[in-house]
Amino acid sequence: MIEQPLISTTSVNPDVDALGTWLPVPGFGVLPVNAFVIRAARPVLVDTGNAALGAAFLRALEQSIDPARLDWIWLTHPDPDHVGNLASVLERAPRARVVTTFLGMAKMGLLGLPVDRIHLLNPGQSLDAGDRRLLAVTPPVFDAPESTGLFDPTTGTLFSADCFGALLPAAAVHAADVDPETLRTGMTGWATVDAPWLHRVDRARFRESLQAVADLQPKAVLSSHLPPAEGMTDTLLDNLAKAPDAAPFIGPDQAALERMMAA
């Protein structure tokens with residue numbers, strides 16, 4: 001494990017960079033928060049990070065690619081840690097269109113985000129990135145109904161939104177750097193927090209959604225909340241398969257929160 005700077009850039013493969021940071025979660029460790037750059041013929045930025053990063057996010061983006069070259073900004077869903085720097089990026093990316101769903105667009109409007117450059121895309125449809133088509137997919141686990149991941153068949157990379165995230169005790173560059181049991185526990189913990197409906201899900205239907213990921217045969221899984229995971233798809237799917245039978249998450253009450261903050 002290593003300590004990370006405020007935001008770092010990790011080259012996942014020649015076509016993809018991860019722009020990552022870590023949010024402290026008192027009493028639970030840290031949560032990775034990632035955005036991604038796909039250097040396709042028509043470049044794509046996947047999510048825009050936490051607003052608290054501000055200028056640091058823009059500097060990291062500019063180190064990866066000139067924002068003016070972006071054709072697409074793919075929002076996996078409009079949660080604050082995914083759209084925090086959207087307005088600033090749009091100013092620097094004058095030709096970029098924002099990819100989301102109809103519900104995602106509605107939520108953007110409620111948040112006061114610009115919707116005049118929207119490109120609506122539903123799971124099962126694909127996006128023209130020039131030298132490849134990116135397939136929109138519904139991740140097996142999500143916290144918002146508009147969540148839409150994407151699969152890049154050119155690189156075999158699955159961008160999975162919040163799915164496969166993990167609460168970890170410390171930062172790591174790659175998911176493979178995390179002890180296997182720590183990874184399993186962290187993934188289970190995050191899944192029960194992010195998707196409490198998992199405990200009510202039909203197990204057979206849930207296995208079908210996991211199999212849909214396996215059928216894509218991704219070489220790398222890039223979650224918004226996990227260090228880049230390459231060659232680990234089976235492990236990630238096995239860990240997630242156990243989440244519906246884990247103990248439900250019950251958050252701390254006020255007294256517990258005060259004890260954690262004091263510690």
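Quick note: residue numbers are just sequence positions, from 1.
Taking the six-membered ring where tryptophan is involved, the planes of His225 and His82 are perpendicular, since the angle between them exceeds 60° and thus also 30°.
Thr185 places no side-chain N or O within donor-acceptor distance of the main-chain N or O of Thr182, the cut-off being under 3.5 Å. Side chain of Asp194 to backbone of Phe142: no donor-acceptor contact under 3.5 angstrom is found. A donor-acceptor pair under 3.5 Å is formed between the side chain of Asp179 and the backbone N or O of Glu181. In this structure a side-chain-to-backbone donor-acceptor pair under 3.5 Å is present from Arg95 to Arg69. Checked by atom type and distance alone, the side chain of Thr148 never pairs as donor or acceptor with a backbone atom of Val137 at under 3.5 Å. The backbone N or O of Ile73 sits nowhere less than 3.5 Å from a side-chain atom of Arg97 that would complete a donor-acceptor pair. In this structure, the side chain of Trp190 engages the main chain of Asp162 through a donor-acceptor pair within 3.5 Å.
Taking 4.5 Å as the limit, some side-chain heavy atom of Val89 sits within range of a side-chain heavy atom of Leu58.
Nearest heavy atoms, Cys163 versus Pro139: CB-CB, 3.7 Å.
No more than 12 heavy atoms of other residues, nucleotides or ligands lie within 6.0 Å of CZ in Arg205, so this atom counts as exposed by the packing criterion. Heavy-atom neighbours of Gln217 CD from other residues, nucleotides or ligands within 6.0 Å: at or below the threshold of 12. Dense packing is recorded around CG of Leu110, with more than 12 heavy atoms of other residues, nucleotides or ligands lying under 6.0 Å away.
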Considering only distance and modelled atom types, tabulate donor-acceptor pairs under 3.5 Å from the side chains of residues 228-241, sequence neighbours left out.
{"unit_1": "Thr233", "atom_1": "OG1", "unit_2": "Pro218", "atom_2": "O", "d": "3.0"}

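Using a cutoff of 4.0 Å between basic side-chain nitrogens and carboxylate oxygens, Arg39 and Asp17 are scored as salt-bridged. Using a 4.0 Å cut-off between a side-chain N of Lys or Arg and a carboxylate O of Asp or Glu, Arg132 and Asp15 qualify as a salt bridge.
No donor-acceptor contact under 3.5 angstrom links the side chains of Asn34 and Ser224, judged on distance only. Asn85 and Thr48 share no donor-acceptor pair across their side chains, judged by distance under 3.5 Å alone.
Other residues sharing the hydrophobic cluster of Val46, ordered by chain and number and joined by side-chain separations under 4.5 Å: Val12, Val16, Phe36, Ile38, Val44, Trp72, Trp74, Val99, Leu121, Leu127, Leu134, Leu150, Phe159, Leu222.
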